[in-house]
Amino acid sequence: RRQYLYHKLSAIPGVRMEMPQSSFLAWVDVSALGDSAEITALLAREARCLVNDGHSYGRQGEGHIRIVFGCLADDNALQDAVDRIAAALLARSRQVLHP
């Protein structure tokens, strides 16, 4: 699960992350694509996925989102959610980095 998430998201221009050490959550740097509140709202609207705004975790969390991926029991459901997140972030990347 963490490898699937890592490979899908880290391939998107403007998205940076390290391989999650946890099998439950990941921190994703989306600061090149907008502030964390914008990206959180974008993913709720476009990907129909709720992620945590990194700003809620203090100043160091700004520009990051936290994805809890250990809450889905079904691997197919997780892959579907990650694919929707990746598609929304890729569209945002194209819009922001290559207008």
Side-chain angles (χ1 to χ4, degrees):
R1 289 175 168 218
R2 66 190 180 108
Q3 289 180 8
Y4 187 80
L5 176 78
Y6 172 77
H7 290 296
K8 289 291 282 194
L9 299 188
S10 65
I12 299 168
V15 175
R16 295 187 318 231
M17 66 181 292
E18 294 182 17
M19 174 69 76
Q21 297 297 314
S22 166
S23 55
F24 295 101
L25 62 92
W27 282 97
V28 183
D29 182 344
V30 292
S31 59
L33 305 181
D35 69 40
S36 53
E38 288 177 306
I39 302 302
T40 299
L42 170 87
L43 295 178
R45 185 178 62 252
E46 301 294 326
R48 300 176 328 275
C49 290
L50 300 177
V51 299
N52 299 110
D53 181 343
H55 184 75
S56 300
Y57 298 91
R59 278 193 358 231
Q60 293 177 318
E62 179 54 52
H64 292 76
I65 58 173
R66 187 178 86 150
I67 300 174
V68 180
F69 60 91
C71 61
L72 296 170
D74 182 281
D75 288 344
N76 291 329
L78 173 77
Q79 289 178 354
D80 180 54
V82 171
D83 290 347
R84 291 193 319 267
I85 290 170
L89 291 176
L90 183 58
R92 176 66 173 217
S93 174
R94 289 178 176 151
Q95 180 184 43
V96 171
L97 301 179
H98 305 287

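Just so we're clear, the structure is a prediction, and the values are computed from it rather than from any experiment.
- Hydrophobic clustering places L90 together with V15 (ILVMFWY residues linked when any side-chain heavy atoms are closer than 4.5 Å, directly or through intermediates).
- Here L5 contributes atom CG and Q79 contributes atom CD; the two are 11.0 Å apart, rounded to the nearest 0.5 Å.
- Under the 4.5 Å side-chain contact rule for hydrophobic residues, L78 and M19 share a cluster.
- Within the model, atoms CD1 of I67 and CG of L43 stand 7.0 Å from one another, a figure rounded to the nearest 0.5 Å.
- What you find for R84 and R48 is that their closest heavy atoms are CD-NH2, 3.4 Å.
- Distance check: D80 CG to D75 CG gives 12.5 Å after rounding to the nearest 0.5 Å.
- Remark: R92 does not engage E46 in a salt bridge, criterion side-chain N to carboxylate O under 4.0 Å.
- Shown here is E18, whose CD atom has no more than 12 heavy atoms of other residues, nucleotides or ligands within 6.0 Å.
- Rounded to the nearest 0.5 angstrom, D35 CG and T40 OG1 are separated by 8.5 Å.
- In this structure, N76 CG and D83 CG are separated by 10.5 Å, a value rounded to the nearest 0.5 Å.
- Using modelled atom types, one side-chain atom of S93 and one backbone atom of P13 make a donor-acceptor pair closer than 3.5 Å.
- When atom types are taken as modelled, the side chain of R66 and the backbone of N52 share no donor-acceptor pair closer than 3.5 angstrom.
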Before giving the answer on side chain to side chain contact (heavy atoms under 4.5 Å, CB included), spell out for L33 and L97 the whole-Å C-alpha distance, their side-chain angles and the decisive distance to 0.1 Å.
CA-CA 8 Å; L33 305 181; L97 301 179; 4.3 Å; yes
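- The minimum heavy-atom distance linking A86 with I12 is given by the pair O-CD1, 3.5 Å.
- Checking each of S56, S36, S31 against E62 for a side chain to side chain contact (heavy atoms under 4.5 Å, CB included) leaves exactly one that passes, namely S36.
- The number of heavy-atom neighbours closer than 6.0 Å to CZ of R16, taken from other residues, nucleotides and ligands shown, is 12 or below.
- Counting heavy atoms from C-beta outward, V82 and F69 have side chains that stay 4.5 Å or more apart.
- Counting heavy atoms of neighbouring residues, nucleotides and ligands inside a 6.0 Å radius, atom OH of Y57 exceeds 12 of them.
- Y4 and L9 fall within the same hydrophobic cluster, where Ile, Leu, Val, Met, Phe, Trp and Tyr residues are linked whenever their side-chain heavy atoms come under 4.5 Å apart, directly or through other members.
- Within a 6.0 Å sphere centred on CZ of R45, heavy atoms belonging to other residues, nucleotides or ligands number more than 12.
- Interatomic distance, CG of D53 versus CD of E38, reported as 10.5 Å (0.5 Å rounding).
- Note on I65: it does not cluster hydrophobically with L25, by side-chain heavy-atom contacts below 4.5 Å among ILVMFWY residues.
- Scanning both residues, A88 and A47, for their nearest heavy atoms gives CB-CB, 4.2 Å.
- Under the 4.5 Å side-chain heavy-atom criterion for Ile, Leu, Val, Met, Phe, Trp and Tyr, L42 and V68 are members of distinct hydrophobic clusters.
- L89 is listed as a side-chain neighbour of I39, based on a closest heavy-atom distance under 4.5 Å.
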